[in-house]
Structures are given as structure tokens and as C-alpha cells.
Amino acid sequence: MRMTTPILSSVELPAPLPRSFYLQQTLIVARRLLGKTLVRRFPDGTVATGRIVETEAYTADDPACHAFRGKTERNRAMFGPPGHAYIHLNYGLHFCLNAVTAAEGVAEAALIRAIEPLQNASRLFRNYYGEVAAEDAFTPEYLESIARADKRLGAGPGRLSKSLAIDRSFDDTDLAEADSAFFLAEGAEVREEEVVTTTRIGITKGADLPWRFYVQSSGFISRR
DNA sequence: TAGACGATAGCCT
DNA sequence: GGCTATCGTCTAA
């Protein structure tokens, strides 16, 4: 028996973080994004949420930053106002979601590398794996519980984008606007002793900078 | 306009 | 832990 996907009304949705949040130093923003809530509103009106547990910072004077060599068509969003999304394709396969930081004209961003599914994890599950034949054999509650425990749905920037059905067409989405397809909202505070600060993943330039942050206790980290 | 390579993830051993 | 699919973007010519 198939049950309908739970629909969260807009009344229940948390308010987006103010644009001023993204005007703090990029390293501070990356750190403070830990614990925040990523809210995704799908075209059919259903909503899924996740808790951010891993981020990285990219600054204008950082050789690993896509905008290091100046403005191009690809990185245009990073030069725009803070609080927008910068989404790029990586390795020809995976999309990566960034929150643009710093004042307009200054190209910096925080990469969101991992989330823990919160509400409507089964929707992320479907996005990631496609329609599952065995789905009808389980209760929605059971599907939701296994989906919430599935680390593939959020641990890694490419997996995260696939689960949330986010691609390059969402580049420049306003993350401080409640009507956007997705935005960032307040969440549970992550204590300082819970945060691990380390070097970034998968880059060769600026590889020694400790600009990656993750929640130590989370099981949804892309790489320890 | 060709050539190089990248902010990865999945599969195989 | 190693290998590789796969393609948009940038750079140099």
C-alpha cells in the first residue's frame, strides 16, 4: 500500500537565515553553518530538511577557489550578493552546493559538504536511488527510518546534491528567501568542542589550509 | 579550438 | 585502498 509523501505546510517552515549572516568572515560562516538546517522545497510542494554537518571555506585570495583567477561565466554567482547559492559541476559528474559569502563583488563561498537527513528523508532516498520497487512493501515510517540512517543521502557534496535534486540550473538561488527552492535556516547550536577543524578534501592548491569543519559526533561525514 | 584537469563517488580487489 | 567514469570549464595557442 503506497502512502502519500508527508507535506509540510509553509507555516511549519523555519525562517531563512538573514543575509547579514553571510556577511561575516567566510571562515566564520563555514563554521557557523554547522548545525544549521537546509530546507528544500520540491516542485510538487513537499519539503525535506537536513542538518548541515560538514563545510569548507573558499576565499578570494585562496588558490583553490574557483574565483581566484577572476570572474567567469561559471563562477559569476560567487561575485554576486551574499546569501545566494553557487553551484558547480565537479569531475563532470557531481554538483556541489556553496553558500556565497562576503560583500557583493568579493568572490568567497562556503561549500556545504554533508547533511544529516531530518524531515522527509524518504523523499531524498527516492531522489538518490530512483523509485524503489520494494518501496510498497514497507510502511512510510519504516522507509523514513531507513532513509534517515542512510549515509549515502548526504555524506559528500555530490551525494547531497543528488538527494536534494539540486543541479546547475539552481545556481544563484537566494538562500535568504523563504520562497526559494531551497534555503538555509536556524538549527541546533553545535558546541565548540564538537567541531573538528581540518584540511580540505580533494584539492591540490591551498591543500594545507585548515578550512574544513565538521561535527565530530555525526555519522554523516564524507571523510574522517 | 584542442588539451588538460578538477572542491567526487562507486565499484572492485 | 586503488582505479576510473565522465564532461564542463579554463587556458593557451
Side-chain angles (χ1 to χ4, degrees), chain A residues 22 25-34 36 38 50 52-80 82 84-102 106-117 124-130 132 147 149-173 175 182 184 195-215 218-224:
Chain A
Y22 303 95
Q25 282 182 39
T26 299
L27 280 163
I28 303 288
V29 174
R31 157 66 185 85
R32 293 194 177 156
L33 278 176
L34 296 179
K36 295 288 189 284
L38 174 53
I52 297 171
V53 292
E54 183 181 347
T55 62
E56 288 180 358
Y58 289 85
T59 67
D61 56 357
D62 164 19
C65 180
H66 285 166
F68 183 64
R69 293 173 187 281
K71 193 173 183 178
T72 66
E73 182 49 35
R74 173 173 69 153
N75 64 29
R76 188 173 43 82
M78 251 200 288
F79 287 84
H84 282 232
Y86 165 51
I87 297 166
H88 71 272
L89 181 67
N90 182 237
Y91 289 91
L93 293 170
H94 312 286
F95 293 101
C96 299
L97 170 63
N98 299 255
V100 174
T101 60
V106 181
E108 309 201 346
L111 169 67
I112 300 173
R113 288 190 55 92
I115 59 166
E116 289 180 10
L124 306 182
F125 190 92
R126 270 199 298 280
N127 286 341
Y128 195 79
Y129 296 104
V132 180
D150 190 338
K151 296 174 177 57
R152 291 195 166 193
L153 299 183
R159 293 197 270 231
L160 179 153
S161 303
K162 188 171 180 187
S163 299
L164 293 168
I166 290 173
D167 61 27
R168 176 85 175 136
S169 69
F170 292 97
D171 187 43
D172 210 26
T173 294
L175 299 174
F182 50 91
L184 303 181
V195 177
V196 177
T197 304
T198 180
T199 52
R200 294 173 294 180
I201 302 280
I203 56 171
T204 52
K205 299 163 221 155
D208 53 335
L209 296 169
W211 287 0
R212 174 175 173 238
F213 307 93
Y214 66 84
V215 180
S218 174
F220 292 76
I221 303 307
S222 61
R223 250 191 275 177
R224 295 278 161 192

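Reminder, nothing fancy here: chain letters follow the sequence lines and each chain counts from 1.
Contact annotation: N90(A) side-chain N/O to dT8(B) OP1/OP2 distance is under 4.0 Å. In terms of phosphate contacts, H88(A) brings no side-chain nitrogen or oxygen within less than 4.0 Å of OP1 or OP2 of dT9(C). Here R74(A) reaches the OP1 or OP2 of dC10(C): one of its side-chain N or O atoms lies under 4.0 Å away.
The distance from atom CG of D61(A) to atom CZ of F68(A), rounded to the nearest 0.5 Å, is 7.5 Å. A distance of 4.5 Å separates CD1 in I115(A) from CG in L160(A), rounded to the nearest 0.5 Å.
dT9(C) atom C1' lies 13 Å from atom CE of M78(A), rounded to whole Å. Taking atom CG of residue L89(A) and atom P of nucleotide dA9(B), one finds them 12 Å apart after rounding to whole Å. Rounded to an integer number of Å, the gap from E73(A) CD to dT11(C) P is 14 Å. Atom pair E54(A):CD and dT8(B):P shows a separation of 11 Å (rounding to whole Å applied). Atoms CD1 (I203(A)) and P (dC5(B)) sit 17 Å apart, rounded to a whole Å. Taking atom CG of residue L209(A) and atom C1' of nucleotide dA7(B), one finds them 13 Å apart after rounding to whole Å. The distance from atom OH of Y91(A) to atom P of dG6(B) is 7 Å, rounded to the nearest whole Å. The CD1 atom of I166(A) sits 19 Å away from the P atom of dA7(B) (whole-angstrom rounding).
Residue ring and base: Y58(A) counts as stacked with dA7(B) (centre distance below 5.5 Å, interplanar angle below 30°).
Each of D167(A), I166(A), D172(A), N98(A) was checked for a side chain to side chain contact (heavy atoms under 4.5 Å, CB included) with I87(A), and the lone residue meeting it is I166(A).
Across all strands shown, R200(A) has no heavy atoms under 4.0 Å from either base or sugar-phosphate atoms. Within 4.0 Å of L93(A), counting heavy atoms only, lies at least one base atom of the nucleic acid. Within the 4.0 angstrom heavy-atom criterion, base atoms lie near L111(A).
Between R159(A) and K205(A), the residue anchored closer to the 5' end of DNA chain B is K205(A), taking for each the nucleotide with the nearest heavy atom. For the pair T72(A) and H94(A), nearest-nucleotide mapping onto DNA chain C gives the more 5' position to H94(A).
In DNA chain B, runs of at least 3 stacked Watson-Crick or G-U pairs (N1-N3 plus N6-O4 or O6-N4, or N1-O2 plus O6-N3, all under 3.5 Å) give these stems: B:1-6 with C:7-12, B:8-12 with C:1-5.
Judged purely by distance below 3.5 Å, without hydrogens or angles, the side chains of R212(A) and T198(A) never pair a donor atom with an acceptor atom. H66(A) and Y86(A) are linked by a side-chain donor-acceptor pair at a separation below 3.5 angstrom, with hydrogens and angles left out of the test.
Taking every heavy atom of both residues into account, A207(A) and T204(A) meet most closely at CB-O, 3.7 Å. Here the shortest heavy-atom pairing between S161(A) and L97(A) reads OG-N, 4.2 Å.
Here dC10(C) is the nucleotide among dA9(B), dA7(B), dC10(C) with the atom lying nearest to any side-chain atom of R69(A). Of the candidates dG6(B), dC10(C), dT8(B), the closest approach to any side-chain atom of T204(A) belongs to dG6(B). Nearest to the side chain of R168(A), among dT9(C), dG8(C), dA7(B), sits dT9(C).
Panel note: side chain R200(A), backbone G206(A); a donor-acceptor pair is recorded below 3.5 Å.
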